Amino acid sequence: MTSPDLPAELKAALDGKLRGFSRSDAAGRAAAISKNYREGGGSTTIRSETDALAYALARMPATYAAVTASLKALVENRPDFAPKRLLDVGAGPGTAAWAAAEAFPSLRDFTLLDANAALRTLALDLAHDSTRLRGIGYQLGEARAALAKADTADLVVASYMIGEIGEAAQRALAELLWQKTHDTLLVVEPGTPAGYARIIALRAHLIGLDAHVAAPCPHDSQCPLQAPDWCHFTQRLQRSRAHKQIKGAELPYEDEKFSYVALTRAAVEQRPSRVLAQPIVTKVEVTAKLCTPEGLSFTRVPRRAKAEYASARRWRWGDAVKDES
Ligand SMILES: C[S@@+](CC[C@H](N)C(=O)[O-])C[C@H]1O[C@@H](n2cnc3c(N)ncnc32)[C@H](O)[C@@H]1O
């Protein structure tokens, strides 16, 4: 299984960049960038090489973990998918390209696209000595204009990006992303109600343009969740010493919440149910909230159903499972 933690080559490249930079300065910049994100300003405060590095140190481990978890779910439902060409839109420091390279050894050609010059420079530096990503192409430009000129790719990824585009422009961006998708489009957003709302709007819009869901949903119907509930998942990742210092954090790990959808050109048959929250396991039964091909189900697996109970005990939030009820 692909690890949610940054690959050794990327960790080493980030550590190498950090040498010579003051960690307290990087921490201050990361805090200012994060404040701007929380206030809806997106990545506009990432202007210099140091800003880009501070952002990458603070956020890349978590967005990498979220993309890796989403790709894992996609691979489980489509084990034969072997993309050759990747298009990473709103690539920033190259997070999704690194995650996709780990998930798909078949990938040969990596095109990244972003409007931020400082993040582009950092991405190219980080990938420079990589055995997998050396020679990546990185287009600098506004996504919609750059996408219009881009070639199609087997796998298109937009990770933590569509929220930075105004709501009115998101539909047009979704259509462009889909136009450039030869096989599969993965969109990942923060696991907040707002991030989920963007995912669900894009999902509905593209299903209307003949897309099919590969993951996480086991169906192409309307999402059965009702507000204030929302579909999201969580991925635990380890924090390195530098990561803790930049974030001013004590805990050796963090849990990244994310929402995602993977859409394909061809329908994916037989998608299993999805666990939508951490199941409750007691000595009497396992209770789990599942999204099933028929809709939402609060499944109870009693202990007396020995084999089913043993298997349901291992269910984790986000897993694809056979409904044992
Ligand atoms: C939160 S970062 C995510 C970076 C990376 N995909 C990740 O998951 O770590 C969002 C990225 O989208 C880029 N972006 C936002 N709006 C854009 C636009 N209209 N055109 C191109 N890039 C854009 C930003 O420059 C930034 O690098």
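Each ligand, and each atom within it, is numbered from 1 in the order the structure gives. Just so it is clear, the model here is predicted, and its values are computed rather than measured.
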K.L.:
I want to check something: taking the side chain as every heavy atom from C-beta on, are R198 and P190 in contact at a cut-off of under 4.5 Å?
P.N.:
yes
K.L.:
Here's one to test your reading of the geometry: is the NZ or CZ of R265 within 45 degrees of the ring axis of W178 and under 6.0 Å from its centre?
P.N.:
yes
K.L.:
Here's one to test your reading of the geometry: is the NZ or CZ of R239 within 45 degrees of the ring axis of Y253 and under 6.0 Å from its centre?
P.N.:
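No cation-pi geometry.
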K.L.:
Under a plain distance cut-off of 3.5 Å, with no hydrogens placed, do T264 and R78 share a side-chain donor-acceptor pair?
P.N.:
no
K.L.:
Does NZ or CZ of R59 come closer than 6.0 Å to the centre of the six-membered ring of Y55, within 45° of the ring's axis?
P.N.:
no
K.L.:
At less than 4.0 angstrom from any atom of ligand 1, which residues have a non-hydrogen atom? List them by chain and residue number.
P.N.:
Y37, S43, Y55, T63, G90, A91, G92, T95, D114, A115, N116, L119, G141, E142, A143, S159, Y160, M161, E164, I165
K.L.:
Would you please indicate yes or no on a ring centroid separation below 6.0 angstrom for Y138 and F110?
P.N.:
no
